[in-house]
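The next block holds one structure in the form of structure tokens; read it before the comments.
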Amino acid sequence: MPATKTLPECAHDAIETAIDKAADEDPVILWWDDGGYLRNIVKHASTQLRCEFRAAEQTPLELRADAPRDRTVWYVPQPSSGDVDWFKDVEHTGGVVEQHIGKLAARCFENERLQAATIRTAYEDAEDREKVAQTLYEELNGEGGLPSLQGLQTKIVLDGHDDPVQFVLEHGTKNLPDGDDLLKIRDLLVDDGVAAVEGQSDARTIVERTRRWAVAEWLVDEGLDKSLLPQEYQPEPSTGFGISRPELRSVLSKTERKGELANVYLDPTQRFWHDILRTHDDPWKLADCPVDASLEHRLWDEWTQSFNSGDYETCVTHAKQRHERLEATYGDVPWTHVWEQAIDVARLANELQTWDERGDTSDVVDLYGDVDEGTWQIDNAVFNLVVSGKPEKKLPQEHPATATLDNFRTSLVESQYLEYLTDLGDLVVDQIDAGSPFVGESHAHQFFAEEQEHLQSGQSVALFIIDALRFDLAHELAESIRREIPQLEVEESTWVGTLPSDTEFGKAALTPGSKFSFNIDLDDGELIPERNGREITNYRRQTLLENDGWSYIMRDEDDEVGWSNTRVAYYWNDIDETGEKELTNFEELFSDRIDAISRIICEKLRKGEWDRAYILSDHGFVSLPRHVDIDDLHPPAEAEKVTRRWVAGKNLDDDAPGVLLDEDTHLGYLDEDAKVSILADPIQRFRNQGLPDARFYHGGVLPQEFVLNFVTITQE
């Protein structure tokens with residue numbers, strides 16, 4: 001039964017009664033408040049009854065400093081003292097109210113007067129009266145309805161919590177009372193359906209059984225046959241209307257301690273229903289229950305069996321289901337990260353399996369660079385795996401992922417990925433040797449001519465030219481922009497970069513001019529990129545752009561003025577520089593760089609209101625496994641120019657290592673005298689250049705280096 005009055009109403013009644021009983025027509029009413037928590041309530045009630053309100057700030061005696069002439073309420077925020085006679089006249093002519101917030105709260109329950117006395121004693125006996133007073137005030141101030149006596153008693157005992165089941169599920173033994181108060185909580189738990197705690201008097205046992213009951217309730221909600229459970233743990237069917245959900249799900253949806261509770265409900269030392277779950281026919285039917293380590297471990301073991309049998313699509317589906325449930329329940333915790341990586345592991349295994357089975361000899365550019373189906377997704381999956389690290393290291397040692405996930409990951413990103421790169425290199429060599437595999441493709445050196453309609457139209461255009469933006473990283477960047485500015489139209493298209501895929505050639509290709517004016521010539525043993533017969537240097541490239549009406553901005557320069565132009569070319573060289581420094585964790589750094597580039601591009605697109613923007617790249621790169629042996633080759637004697645991944649000369653023949661590029665390859669830019677022998681094997685380098693970059697390189701003929709993803713951004 002709820003309270004019948006609020007604290008303000010009871011204060012009003014108390015003052016009004018004292019006035020009615022007073023001997024004087026304009027009496028002084030003296031209110032003693034042990035604790036001083038009723039000041040505002042008493043003041044408001046006094047105003048309603050047209051009484052002057054005066055409060056003692058230091059001692060009660062200060063109220064005598066100015067004797068009242070009209071009826072007044074004197075408020076003293078302390079208990080009354082019987083050893084002084086300061087207020088004898090008030091007692092005879094006015095009225096005295098001795099009510100602290102506990103006594104006044106008890107008066108709110110007129111129909112349960114005897115039982116309500118427990119509220120008064122709870123306040124008087126409390127170690128922290130302020131907390132009890134706050135609970136009483138919040139519950140009985142009239143806002144949001146009036147509480148029942150039992151609900152209010154529960155909140156007092158549980159420090160403001162009105163649901164004993166949810167309190168125990170979240171806080172465990174912490175802040176649980178002892179003695180009679182603990183038994184009261186136990187009885188409330190039983191009343192709420194937790195029959196398993198009946199008769200128990202130990203706090204730890206009560207918590208353990210309540211949590212076990214709650215895990216069982218959730219399992220049954222997900223489909224577990226409740227007859228498998230002991231009678232006292234079988235949840236009662238809901239008799240209410242609307243949607244009911246397990247108590248533990250409700251707790252985890254509201255708490256700010258999700259990470260802490262993950263350690264409770266997925267703790268391997270507290271497997272709540274191990275005997276049932278270890279033999280359950282189909283644990284994946286229960287996968288949406290994110291509590292109980294026994295279920296978590298059984299799911300991982302089942303996932304491992306599917307992975308070992310090669311059923312990778314099922315692995316992806318199951319890992320996504322479990323990851324989504326754990327993330328929704330706990331957020332950023334190790335269990336969530338492990339299942340997230342399991343998705344990437346299964347996807348990569350599936351991609352590599354598809355690669356092994358396809359026997360595909362179609363055009364390598366289409367094979368690798370198809371935006372929706374291309375094998376660039378293998379590189380993306382490997383990249384994501386490396387960036388995500390070893391999440392299983394943060395799990396309890398008993399979790400089965402700690403013994404299996406690293407082996408899966410290592411096999412994929414070390415040996416199997418290297419085999420894929422080798423096969424891909426062989427395919428490129430076969431296709432170049434067989435004829436002209438790049439005829440009919442969009443070539444980077446044709447960009448300004450192909451996009452002339454848009455670049456010369458008078459629209460505002462921004463070029464973001466990013467060094468070493470590999471196909472998969474360009475896709476990640478495009479996805480990031482789609483998320484950040486959904487009103488933009490973001491399109492990806494496949495272009496063939498310049499071979500060899502070195503920075504000087506790739507950036508030279510991305511300069512204004514006719515598609516027929518770009519050329520790579522061999523001059524005194526040096527391979528040189530040219531436009532209209534002149535070598536393209538950094539200075540020359542800048543001049544060409546500026547003469548064509550572009551503002552030329554380097555990332556390290558603070559040039560806000562240049563952004564005010566309607567045609568801007570912005571250069572970012574950070575990715576290539578990072579990879580060339582031999583950093584062992586460059587994948588993680590690349591991921592950070594993509595986030596930084598996305599922020600810059602989105603900022604400029606929002607501020608500038610560009611009609612059109614492009615994200616371009618000069619070349620990609622290959623990232624080898626962390627542990628690989630490099631085969632250093634002797635360059636041919638006829639070579640005039642030797643780099644790590646290619647040699648150039650006039651007299652190179654088919655016996656040179658790698659694949660031979662010349663004018664017959666129909667790339668559209670190799671001079672008739674220039675021949676380039678370029679390596680396709682991912683673990684080969686030319687010996688006299690040393691091995692400064694054991695993992696990151698470009699300059700070869702793998703698709704990762706020259707099949708590029710150009711992103712076009714327009715206003716919808």
Verdict with reasoning, W300 to T404, per side chain to side chain contact (heavy atoms under 4.5 Å, CB included) = CA-CA 10 Å; W300 186 267; T404 54; 2.9 Å; yes

Are [X] and [Y] within salt-bridge range, i.e. N to O under 4.0 Å?
X    : Y    : answer
D187 : K184 : no
R249 : E222 : yes
R606 : E484 : yes
R409 : E392 : yes

Looking at [Y], I'd like to know if the NZ or CZ of [X] sits under 6.0 Å from its six-membered ring centre while staying within 45 degrees of the ring's axis.
X    : Y    : result
R212 : Y233 : yes
R470 : F621 : yes
R685 : Y697 : yes

Looking at every non-hydrogen atom in both residues, tell me the closest pair between [X] and [Y] and how far apart they are.
X    : Y    : answer
V207 : G172 : CG2-C, 3.5 Å
L702 : P682 : CD1-CB, 3.9 Å
G699 : S501 : N-OG, 3.0 Å
G369 : V707 : CA-CG1, 3.8 Å
L169 : T210 : CD2-O, 3.7 Å
L182 : P177 : CB-O, 3.3 Å

message = Listing request: all ring-ring contact (aromatic ring centres under 6.0 Å, His included) pairs with a residue in residues 162-219, at least two apart in sequence or in separate chains.
response = H161-F167, H161-H171, F167-H171

key: side-chain hydrogen bond (donor to acceptor under 3.5 Å, both in side chains), paired with S294, selected from H280, Q270, H274   = H274

Answer yes or no: is there a donor N or O on one side and an acceptor on the other, between the side chain of [X] and the main chain of [Y], under 3.5 Å?
X    : Y    : answer
Q234 : L229 : yes
S309 : Q305 : yes
Q341 : G389 : yes
E217 : P235 : no
T317 : E313 : yes
R482 : V490 : yes

query = Please walk me through it: do V371 and S493 pass side chain to side chain contact (heavy atoms under 4.5 Å, CB included)?
reply = CA-CA 7 Å; V371 174; S493 56; 5.9 Å; no

Pair L348-V413, side chain to side chain contact (heavy atoms under 4.5 Å, CB included): steps then yes or no = CA-CA 9 Å; L348 177 56; V413 304; 4.2 Å; yes

ask   = Is a side-chain donor-acceptor pair under 3.5 Å present for S598 with R483?
value = no

query = Do E296 and W339 have a side chain donor and acceptor closer than 3.5 Å?
reply = yes

request  = Show your working on side chain to side chain donor-acceptor pair (under 3.5 Å) between Q134 and E138 and close with a plain yes or no.
outcome  = CA-CA 6 Å; Q134 183 177 359; E138 290 176 351; 3.1 Å; yes

ask   = Stepwise, does the ring-ring contact (aromatic ring centres under 6.0 Å, His included) test hold for W284 with W303?
value = CA-CA 9 Å; W284 283 106; W303 185 89; 8.8 Å; no

ask   = How would you list, by chain and number, every residue that makes a side chain to side chain donor-acceptor pair (under 3.5 Å) with E351, sequence neighbours excluded?
value = none

Review item, side-chain donor-acceptor pairs of residues 188-206, under 3.5 Å, at least two apart:
residue, atom, partner, partner atom, Å
D202, OD2, R204, N, 3.3
D202, OD2, T205, N, 2.9
D202, OD2, T205, OG1, 2.9

request  = Please test E324 against K320 for salt bridge (Lys or Arg N to Asp or Glu O under 4.0 Å), starting from the C-alpha separation and ending with a verdict.
outcome  = CA-CA 6 Å; E324 289 170 1; K320 286 178 66 176; 5.1 Å; no

ask   = For H297, which residues count as a ring-ring contact (aromatic ring centres under 6.0 Å, His included) partner, sequence neighbours excluded?
value = H399

Contacts of Y330 that satisfy ring-ring contact (aromatic ring centres under 6.0 Å, His included) - sequence neighbours left out = none

ask   = Under the side chain to side chain donor-acceptor pair (under 3.5 Å) rule, what pairs show up with a residue in residues 366-384, not counting sequence neighbours?
value = Y368-D379, T375-Y420, D379-Y417, D379-Q704, N380-E476

task = Dump the intermediate steps for ring-ring contact (aromatic ring centres under 6.0 Å, His included) on F307 and Y312, then the final yes or no.
result = CA-CA 6 Å; F307 188 89; Y312 302 127; 5.1 Å; yes

task = Quick one: do L424 and V364 satisfy side chain to side chain contact (heavy atoms under 4.5 Å, CB included)? Show the steps, please.
result = CA-CA 8 Å; L424 197 58; V364 70; 4.3 Å; yes

